[in-house]
Amino acid sequence: MREKLKHFLYQYRHSWILAYFLIYIPWFAYLEQTVTRRFHVIHMAVDDYIPFVEIFIIPYLMWFGYVAIAIAYFFFKNVQDYYKLCIFLFVGMTIFLVISTVYPHGHYLRPRVFERDNIFISMVQGLYMVDTPTNLFPSIHVYNSIGVHLAVMHSEQLKEKKWIRRGSFLLMSSIVASTMLLKQHSVFDVITACLLAVVMYSLVYALDYQPSRKRVYERRRRERVPGQ
């Protein structure tokens, strides 16, 4: 029994990085409790033209499963991809926490009165009760969704799974749209999340492009030179 336990712990020793949530969750909870009234207002003119569409609560909530399933999949299938995904997510989430700590912010975009009454409205009301309209940029919903999709697109195991890759793109896109259509985030939050994702992509994934391009160049060079 002891040997099996040791083998299990050794096989899945890469789980250590998930201890990050022991830092993130208390820190985020602290911000949610302290940043309530006195904050810098986030707003862009385009926010006023975006309608409220309650049905987008579905992809918004699917985000939790989207991120969790991706982490679990790469945890068991590919440790290198797992580490890349976690680094991408956790670095961005830490930057979000630091920004929210030094620059308290929020918005007043949420509708005061709902014009309709349905199951989706009830779900949105429940969301509004547990999630304050503060600590917004860069949007973690947007940033993490982009991170998960990048991990899917760079996965060798999923390279031929076109339905997964396309489904991931559709889900990512709908989650990004949901943050604005539910009035959870300003367009500013989405833009900053995308910009941060571009920076992190260049650090986590784009560096792999140079070695792969070099290998292709070397292979083509050998093909052009007989006898090598």
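Hydrogens, waters and symmetry mates play no part in the numbers below; they use all other heavy atoms, side chains included.
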Distance-only donor-acceptor hits, side chain of residues 63-71, under 3.5 Å, sequence neighbours excluded:
{"unit_1": "Trp63", "atom_1": "NE1", "unit_2": "His141", "atom_2": "O", "d": "3.3"}
{"unit_1": "Tyr66", "atom_1": "OH", "unit_2": "Ser168", "atom_2": "O", "d": "3.3"}
{"unit_1": "Tyr66", "atom_1": "OH", "unit_2": "Ser168", "atom_2": "OG", "d": "2.6"}

Exercise. Dump the intermediate steps for ring pair (Phe, Tyr, Trp, His ring centres under 6.0 Å) on Phe90 and Phe96, then the final yes or no.
Key: CA-CA 10 Å; Phe90 298 166; Phe96 156 76; over 10 Å; no
Quiz prompt | Candidate pair Tyr20 and Met93, rule side chain to side chain contact (heavy atoms under 4.5 Å, CB included), full reasoning | solution = CA-CA 10 Å; Tyr20 171 78; Met93 291 162 68; 3.5 Å; yes
Exercise. Evaluate side chain to side chain contact (heavy atoms under 4.5 Å, CB included) for Phe169 paired with Met172, printing each intermediate quantity in order.
Key: CA-CA 5 Å; Phe169 176 77; Met172 176 198 69; 3.7 Å; yes
Quiz item: Only one of His105, His107, His40, His185 forms a ring pair (Phe, Tyr, Trp, His ring centres under 6.0 Å) with Phe137, so which one is it?
Solution: His105
Quiz item: Is a side-chain donor or acceptor of Lys84 paired with a backbone partner of Val79 at a separation under 3.5 angstrom?
Solution: no
Practice problem: Begin with the C-alpha distance, continue with both residues' side-chain angles, and end with the deciding distance and a verdict on ring pair (Phe, Tyr, Trp, His ring centres under 6.0 Å) for Phe88 and Tyr143. | Solution: CA-CA 9 Å; Phe88 188 102; Tyr143 176 81; 4.8 Å; yes
Practice problem: Look at the rings of Phe21 and Tyr24 and say which category their plane angle falls in: under 30° parallel, 30 to 60° tilted, over 60° perpendicular. | Solution: perpendicular
Quiz item: Is it the case that more than 12 heavy atoms not belonging to Arg38 sit under 6.0 Å from its CZ atom?
Solution: no
Practice problem: Taking atom types as modelled, find out whether Gln184 and Thr179 have a side-chain donor-acceptor pair closer than 3.5 angstrom. | Solution: no
Practice problem: Go through the structure and list residues passing ring-ring contact (aromatic ring centres under 6.0 Å, His included) with Phe75, not counting sequence neighbours. | Solution: Tyr12, His14, Tyr82
Quiz item: Val35 and Ser100: side chain to side chain contact (heavy atoms under 4.5 Å, CB included), yes or no, with the steps?
Solution: CA-CA 9 Å; Val35 183; Ser100 298; over 6 Å; no
